[in-house]
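What follows is a single structure, written as structure tokens, with notes after it.
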Amino acid sequence: VQLQAFGGGLVQAGGSLRVSCAASESTLSSYHMAWFRQAPGKEREFVAAINWSGGLTYYADSVKGRFTISRDNVKNTAYLQMNTLKPEDTAVYYCAADAKGGGSFYSTPRSVATYDYWGQGTELTVSS
């Protein structure tokens with residue numbers, strides 16, 4: 001599956017933004033999805049994940065209560081709604097997919113190694 005993330009931009013602190021991840025295949029329901037981010041000079045870090053049906057979600061402590069991951073399997077798109085943005089949320093945001101049945105998602109949803117497919121990233125800058 002090919003993934004394309006989009007929707008990043010420049011936002012003031014306290015603002016909101018939704019980024020999207022469109023999949024090339026019409027079988028997004030066959031994949032668990034996740035968002036990661038990477039700030040300049042830092043390692044890629046987990047943000048949020050959602051299982052294939054949307055019934056189970058995981059969040060990093062740093063975004064819990066502010067970000068919401070969701071998906072629309074009919075539109076083959078995953079979303080990350082980001083509210084109450086902070087300057088420390090500034091990063092390139094990547095979407096990732098793990099094929100259902102791979103076995104690792106439910107044990108290590110926060111691990112980069114769990115995901116086999118990655119989008120190109122969309123950049124978010126939060127100004128103070």
Side-chain angles (χ1 to χ4, degrees):
V1 63
Q2 292 184 324
L3 305 173
Q4 182 173 6
F6 59 95
L10 175 64
V11 181
Q12 286 190 332
S16 298
L17 192 71
R18 187 178 78 166
V19 292
S20 303
C21 177
S24 61
E25 299 181 1
S26 60
T27 55
L28 189 65
S29 58
S30 296
Y31 299 88
H32 307 300
M33 301 294 296
W35 288 93
F36 287 76
R37 66 187 181 186
Q38 188 165 16
K42 295 188 176 181
E43 292 187 354
R44 192 167 298 190
E45 66 172 0
F46 170 78
V47 177
I50 188 168
N51 76 330
W52 69 273
S53 68
L56 189 61
T57 57
Y58 304 88
Y59 293 94
D61 288 343
S62 60
V63 306
K64 198 173 295 183
R66 299 190 298 124
F67 290 12
T68 302
I69 189 172
S70 62
R71 64 190 297 157
D72 186 331
N73 288 341
V74 174
K75 295 183 178 179
N76 294 309
T77 304
Y79 306 97
L80 184 69
Q81 175 67 43
M82 302 180 286
N83 298 328
T84 318
L85 283 162
K86 304 175 181 180
E88 50 263 45
D89 294 319
T90 295
V92 176
Y93 283 73
Y94 297 90
C95 59
D98 172 48
K100 189 172 61 174
S104 59
F105 176 82
Y106 292 107
S107 57
T108 56
R110 297 175 174 84
S111 173
V112 169
T114 293
Y115 302 90
D116 296 319
Y117 306 94
W118 292 83
Q120 85 289 359
T122 185
E123 187 170 4
L124 168 67
T125 301
V126 183
S127 62
S128 57

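Keep in mind that the numbers below use all heavy atoms, side chains included, and drop hydrogens, waters and symmetry copies.
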How far apart are the closest heavy atoms of Leu10 and Ser127, and which atoms are they? CD1-CB, 4.3 Å

Could you check if a side-chain atom of Leu124 sits within less than 4.5 angstrom of a side-chain atom of Leu85, using non-hydrogen atoms only? yes

Euclidean distance, Asn83 CG relative to Asp89 CG, rounded to 0.5 Å: 10.5 Å

Atom of Val1, atom of Ala23 and distance for their closest heavy-atom approach: CG2-CB, 3.9 Å

Set of residues satisfying salt bridge (Lys or Arg N to Asp or Glu O under 4.0 Å) with respect to Glu45, sequence neighbours excluded: Arg37

Leu56-Phe67 co-clustered via ILVMFWY side chain contacts under 4.5 Å: no

Within 45 degrees of the axis of the six-membered ring of Tyr79 and under 6.0 Å from its centre: does Arg18 put its NZ or CZ there? yes

Could you walk me through whether Arg44 and Trp118 satisfy the side-chain contact (heavy atoms from CB on, under 4.5 Å) test, starting with their C-alpha distance in whole Å, then the side-chain angles of each, then the deciding distance to 0.1 Å, before giving a yes or no? CA-CA 12 Å; Arg44 192 167 298 190; Trp118 292 83; 3.3 Å; yes

For the residue pair Thr77 and Ser20, confirm or rule out a side-chain donor-acceptor distance under 3.5 Å. no

Look up atom CG in Asp72 and atom OG in Ser29, then write down how far apart they are to the nearest 0.5 Å. 11.0 Å

Check Ala48 against Leu80 and note the closest heavy-atom contact, atom names and distance. CB-CD1, 4.2 Å

Can you give me the closest heavy-atom contact between Arg66 and Thr84, atom names plus distance? NH1-O, 2.9 Å

OG of Ser128 to CD of Gln12: how many Å apart, nearest 0.5 Å? 9.5 Å

With a 3.5 Å distance limit and no angle check, can you tell me whether Arg71 reaches the backbone of Asn51 through a side-chain donor-acceptor pair? yes

For the side chain of Thr57 and the backbone of Ile50, is there at least one donor-acceptor N/O pair under 3.5 Å apart? no

Counting only N and O atoms by type, is there a donor-acceptor contact under 3.5 Å from the side chain of Gln4 to the main-chain atoms of Gly119? no

To the nearest 0.5 Å, what is the distance between CD on Gln120 and CG on Leu3? 9.0 Å

For Tyr115 together with Phe46, are the ring centres under 6.0 Å from each other? no

Smallest heavy-atom separation, Tyr93 atom then Val47 atom, equals CE2-CG2, 4.3 Å

Phe36 and Ile69: same hydrophobic cluster, using ILVMFWY side-chain contacts below 4.5 Å? no

Pairwise distance OG1(Thr27) to CG(Asn73) - rounded to 0.5 angstrom: 9.5 Å

Within the 4.5 Å heavy-atom criterion, are Leu28 and Met33 side-chain neighbours or not? yes

One thing to verify: whether Lys64 and Asp61 come together as a salt bridge, which I'm taking to mean a side-chain N less than 4.0 angstrom from a carboxylate O. yes

Shared hydrophobic cluster for Tyr94 and Val63 (ILVMFWY, side-chain gaps under 4.5 Å): no

Tyr31 and its side-chain contact (heavy atoms from CB on, under 4.5 Å) partner, picked from Phe105, Trp52, Tyr117: Tyr117

Here the pair of heavy atoms bringing Ala22 nearest to Phe6 is CB-CE2, 4.0 Å

Quick check on Gln2: does its CD atom have over 12 non-hydrogen neighbours (other residues, nucleotides or ligands) under 6.0 Å away? no

Side chains of His32 and Lys100 in contact at under 4.5 Å (non-hydrogen atoms): yes

